[in-house]
Amino acid sequence: MQDQTIAPEVAQTEFDRFAKAWDVETDTKDMNVESREDFEKLSRTIVKAIEQGRASVNDNNGIDYQLHTPVGDTTSLTFRVPCGIDYMAMDTYKERETSRKMFAFMASTTKQSVKFFGNLSGADIKFAQAVTTLFMAS
């Protein structure tokens, strides 16, 4: 695990910039307990990656992320702000194929394949799912 390289308050500001650009709801006062706990867990995953210097918001409001474990020659991902085509990518899979649907969405937003996401390490999947879930839940 990398040592902290970004101050917590700077990482939180960067997270807030992501949330604003991606229209992620951050006001927890109207959330029920379960939603608030989920939000806090997911946002902490992203803030922690920012603190470690693994994630940042780029000039196009995308999220640049350094993988813990490379997949082939790929050492980083850029998640772009989702659009309609990313939702359509999920239509290929049946309702019960929830992981594949999520992987299809993540693949579409990063210009990778669904299979690529199947080969990511658990730590990298956690980050990708945190970004995706926060966006989709808002």
Side-chain angles (χ1 to χ4, degrees):
M1 184 163 133
Q2 289 183 308
D3 293 323
Q4 179 176 312
T5 59
I6 306 294
E9 58 276 0
V10 174
Q12 185 62 50
T13 299
E14 188 78 347
F15 173 82
D16 293 341
R17 192 164 80 102
F18 148 73
K20 183 177 181 182
W22 286 46
D23 196 28
V24 170
E25 181 59 53
T26 60
D27 186 359
T28 59
K29 74 177 185 282
D30 291 331
M31 292 180 190
N32 63 35
V33 173
E34 183 180 352
S35 294
R36 185 173 36 256
E37 288 172 354
D38 290 345
F39 172 81
E40 289 169 356
K41 180 180 177 185
L42 295 168
S43 63
R44 181 68 196 133
T45 298
I46 297 169
V47 171
K48 181 179 169 186
I50 295 169
E51 287 176 359
Q52 293 173 342
R54 289 192 168 282
S56 62
V57 179
N58 64 35
D59 292 340
N60 296 320
N61 295 322
I63 300 171
D64 295 327
Y65 176 72
Q66 296 297 314
L67 298 174
H68 284 86
T69 306
V71 177
D73 293 337
T74 304
T75 59
S76 65
L77 292 173
T78 297
F79 295 83
R80 67 170 168 67
V81 179
C83 59
I85 197 76
D86 304 315
Y87 287 96
M88 291 170 58
M90 296 188 298
D91 289 345
T92 308
Y93 300 99
K94 298 176 183 174
E95 278 304 308
R96 70 181 195 286
E97 296 178 299
T98 55
S99 291
R100 288 177 194 241
K101 282 181 172 287
M102 179 171 273
F103 284 16
F105 189 88
M106 294 185 299
S108 185
T109 63
T110 60
K111 298 184 179 178
Q112 294 291 339
S113 68
V114 173
K115 184 178 179 179
F116 174 88
F117 278 88
N119 290 315
L120 280 182
S121 73
D124 294 325
I125 286 292
K126 280 202 286 190
F127 178 84
Q129 286 180 321
V131 169
T132 302
T133 302
L134 280 178
F135 173 76
M136 294 181 88
S138 288

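Shortest non-hydrogen contact noted between Val114 and Ala107 is N-CB, 3.7 Å. Minimum interatomic distance between Lys94 and Glu97 (heavy atoms only, all atoms of both residues): N-OE1, 2.8 Å. Counting all heavy atoms, side chain and backbone alike, Met106 lies closest to Gln129 at SD-N, 3.8 Å. When all heavy atoms of Phe79 and Ala128 are compared, the closest pair comes out as CZ-CB, 3.7 Å. The shortest heavy-atom contact between Asn60 and Val81 is O-CG2, 4.3 Å.
Looking at residues two or more places apart in sequence or on another chain, you find no side-chain hydrogen bond (donor to acceptor under 3.5 Å, both in side chains) involving Asp38. Qualifying ring pair (Phe, Tyr, Trp, His ring centres under 6.0 Å) partners for Phe116, counting only residues two or more places apart in sequence or in other chains: none. With sequence neighbours excluded, no residue satisfies ring pair (Phe, Tyr, Trp, His ring centres under 6.0 Å) with Phe103. When the side-chain contact (heavy atoms from CB on, under 4.5 Å) test is applied to Ala11, the partners found at least two apart in sequence or on another chain are Ile6, Val47, Ile50, Glu51. Taking the side-chain hydrogen bond (donor to acceptor under 3.5 Å, both in side chains) definition, one finds that Ser121 meets it with Asp124, sequence neighbours left out. Judged as a side-chain hydrogen bond (donor to acceptor under 3.5 Å, both in side chains), and not counting sequence neighbours, the contacts of Asp16 are Gln12. Considering only residues two or more places apart in sequence or on other chains, Ser56 meets the side-chain hydrogen bond (donor to acceptor under 3.5 Å, both in side chains) condition with none of them. Considering only residues two or more places apart in sequence or on other chains, Glu25 meets the salt bridge (Lys or Arg N to Asp or Glu O under 4.0 Å) condition with none of them. Scanning for salt bridge (Lys or Arg N to Asp or Glu O under 4.0 Å) contacts around Lys29 gives Asp27, with sequence neighbours left out. Here Phe127 pairs with Tyr65 under the ring pair (Phe, Tyr, Trp, His ring centres under 6.0 Å) rule; sequence neighbours left out. With sequence neighbours excluded, no residue forms a side-chain contact (heavy atoms from CB on, under 4.5 Å) with Ser99. In this structure, the salt bridge (Lys or Arg N to Asp or Glu O under 4.0 Å) partners of Arg17, at least two apart in sequence or on a different chain, are Glu14.
Between Phe105 and Phe135, the angle of the ring planes stays under 30°, which puts this pair in the parallel group of the 30/60° scheme.
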- side chain to side chain contact (heavy atoms under 4.5 Å, CB included) between Ser108 and Arg80: does it pass, once the steps are laid out? CA-CA 9 Å; Ser108 185; Arg80 67 170 168 67; 4.0 Å; yes
- Take Met136 and Met90 through the side chain to side chain contact (heavy atoms under 4.5 Å, CB included) test and state the conclusion after the steps. CA-CA 12 Å; Met136 294 181 88; Met90 296 188 298; 3.5 Å; yes
- Message: Assess the residue pair Glu9 and Thr13 against the criterion (side chain to side chain contact (heavy atoms under 4.5 Å, CB included)); give the C-alpha distance rounded to whole Å, side-chain angles, the decisive distance to 0.1 Å, and a yes or no.
- Response: CA-CA 6 Å; Glu9 58 276 0; Thr13 299; 5.5 Å; no
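Put simply, the side chain of Asn61 never gets that close to the backbone of Val57: no donor and acceptor are under 3.5 Å apart. Judged by distance alone, the side chain of Ser138 and the main-chain N or O of Leu134 form a donor-acceptor pair under 3.5 Å. Panel note: side chain Arg54, backbone Leu67; a donor-acceptor pair is recorded below 3.5 Å.
One finds the OG1 atom of Thr98 at 9.0 Å from the NZ atom of Lys101 (value rounded to the nearest 0.5 Å). For the atom pair Phe39 CZ and Arg44 CZ, the distance stands at 12.5 Å (nearest 0.5 Å). Interatomic distance, CZ of Arg36 versus CE of Met31, reported as 8.5 Å (0.5 Å rounding). Atoms CG and CG, from Asp59 and Asp64 in turn, are 9.0 Å apart once rounded to the nearest 0.5 Å. For the atom pair Ser43 OG and Lys48 NZ, the distance stands at 13.0 Å (nearest 0.5 Å). Within the model, atoms OG1 of Thr26 and NZ of Lys20 stand 11.0 Å from one another, a figure rounded to the nearest 0.5 Å.
Taking the side chain as every heavy atom from C-beta outward, Thr92 and Arg100 never approach each other to under 4.5 Å.
For Asp91, the CG atom sits in a packed shell: over 12 heavy atoms of surrounding residues, nucleotides or ligands are nearer than 6.0 Å.
Put simply, Tyr87 and Phe117 are part of the same group of oily side chains (I, L, V, M, F, W, Y) that touch within less than 4.5 Å, one to the next.
Considering Val131, Thr109, Thr132, Asp23 in turn, Thr109 is the only one that fulfils the side-chain contact (heavy atoms from CB on, under 4.5 Å) rule with Pro82.
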